[in-house]
Amino acid sequence: MKRERGIARCGLACCLCSENESCAGCAQCADRESCENRRCSIEKGLAGCWECPEDCRKGLLAKGKPYGFTRFARLYGVEALLDCLEANEKRGVVYHRQGIWGDYDEFETAEALTIFLRTGKR
């Protein structure tokens with residue numbers, strides 16, 4: 001885990017991403033100009049979607065993993081999310097198993113993902 005990479009504005013775990021080793025996160029993302037979550041959070045002066053009081057599903061929040069991670073960070077804080085991701089990585093939980101699909105993508109609800117984040121158990 002590369003904790004210093006943190007969490008993207010949309011809730012994705014840059015700290016665990018292995019898809020692009022040279023990625024510098026949201027500020028340097030090739031899709032930064034078209035990213036709805038980046039644009040919206042900047043316009044609202046927020047560090048990320050987890051700071052927003054709205055429960056929206058725009059942009060990447062339409063997907064379960066970023067939505068669930070954002071919801072978790074809103075409830076418990078970004079540091080707690082990073083702590084849980086790090087503990088789960090040590091338990092063998094995989095962020096990207098096949099392409100961008102991994103163990104955190106297998107949940108039907110944000111609540112189920114939250115439980116998994118906190119415990120590492122299904």
Side-chain angles (χ1 to χ4, degrees):
M1 179 165 164
K2 296 178 181 174
R3 194 176 181 109
E4 68 278 3
R5 287 189 178 179
I7 303 297
R9 290 178 176 270
C10 66
L12 288 175
C14 296
C15 59
L16 292 174
C17 182
S18 61
E19 289 299 300
N20 184 351
E21 288 300 317
S22 65
C23 178
C26 297
Q28 299 300 317
C29 178
D31 296 327
R32 69 183 172 276
E33 297 305 319
S34 63
C35 178
E36 188 169 2
N37 304 109
R38 180 180 180 276
R39 179 195 49 75
C40 183
S41 61
I42 289 172
E43 285 175 2
K44 292 180 178 182
L46 306 174
C49 296
W50 59 86
E51 291 184 352
C52 186
E54 298 176 34
D55 185 30
C56 92
R57 298 296 294 248
K58 295 177 187 171
L60 284 172
L61 296 180
K63 298 178 183 258
K65 180 169 49 182
Y67 177 76
F69 284 9
T70 298
R71 182 179 174 277
F72 186 98
R74 185 178 299 126
L75 291 171
Y76 303 107
V78 173
E79 287 303 313
L81 175 57
L82 290 168
D83 291 344
C84 289
L85 291 170
E86 188 169 25
N88 284 342
E89 183 182 48
K90 289 175 183 173
R91 290 181 184 114
V93 175
V94 178
Y95 188 69
H96 289 153
R97 188 172 300 284
Q98 297 173 358
I100 60 169
W101 188 263
D103 294 336
Y104 293 106
D105 295 287
E106 300 174 0
F107 298 91
E108 291 188 24
T109 67
E111 293 79 13
L113 178 53
T114 295
I115 292 167
F116 183 69
L117 277 164
R118 294 188 63 132
T119 66
K121 299 176 184 173
R122 297 189 193 288

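One is the number of the first residue; the rest follow in order along the sequence. Predicted model, so just to flag it, every value in this text is computed and none were measured.
Annotation for His96 and Cys17: closest pair CE1-SG, 3.5 Å, computed over non-hydrogen atoms. Closest heavy-atom contact between Arg9 and Ser41: NH1-OG, 2.9 Å. Nearest heavy atoms, Cys10 versus Leu61: O-CD2, 3.2 Å. The minimum heavy-atom distance linking Cys52 with Lys44 is given by the pair SG-NZ, 3.5 Å. The minimum heavy-atom distance between Glu33 and Arg38, with the atom names listed, is OE2-NH1, 4.4 Å.
Judged by distance alone, the side chain of Asn37 and the main-chain N or O of Cys49 form no donor-acceptor pair under 3.5 Å.
Contact annotation: the side chain of Arg3 approaches that of Glu79 to within less than 4.5 Å [non-hydrogen atoms, C-beta and beyond]. Within the 4.5 Å cutoff, the side chain of Ile115 has no heavy atoms near those of the Lys121 side chain.
In this structure, the separation between SG on Cys40 and CD on Glu54 is 6.5 Å, given to the nearest 0.5 Å.
Residue Tyr104 is found in a hydrophobic cluster whose other members, listed by chain and number, are Met1, Ile7, Leu12, Leu16, Trp50, Leu60, Phe69, Phe72, Leu75, Tyr76, Val78, Leu81, Leu82, Leu85, Val93, Tyr95, Phe107, Leu113, Phe116, Leu117; membership requires side-chain heavy atoms under 4.5 Å apart, directly or through intermediates.
Taking the side chain to side chain contact (heavy atoms under 4.5 Å, CB included) definition, one finds that Glu108 meets it with nothing, sequence neighbours left out.
Under a cut-off of 6.0 angstrom, the local environment of CD1 in Ile100 is sparse, with at most 12 non-hydrogen atoms contributed by other residues, nucleotides or ligands.
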For this session: Carefully, step by step, assess Glu111 and Arg71 under the rule side-chain contact (heavy atoms from CB on, under 4.5 Å).
Result: CA-CA 9 Å; Glu111 293 79 13; Arg71 182 179 174 277; 3.6 Å; yes
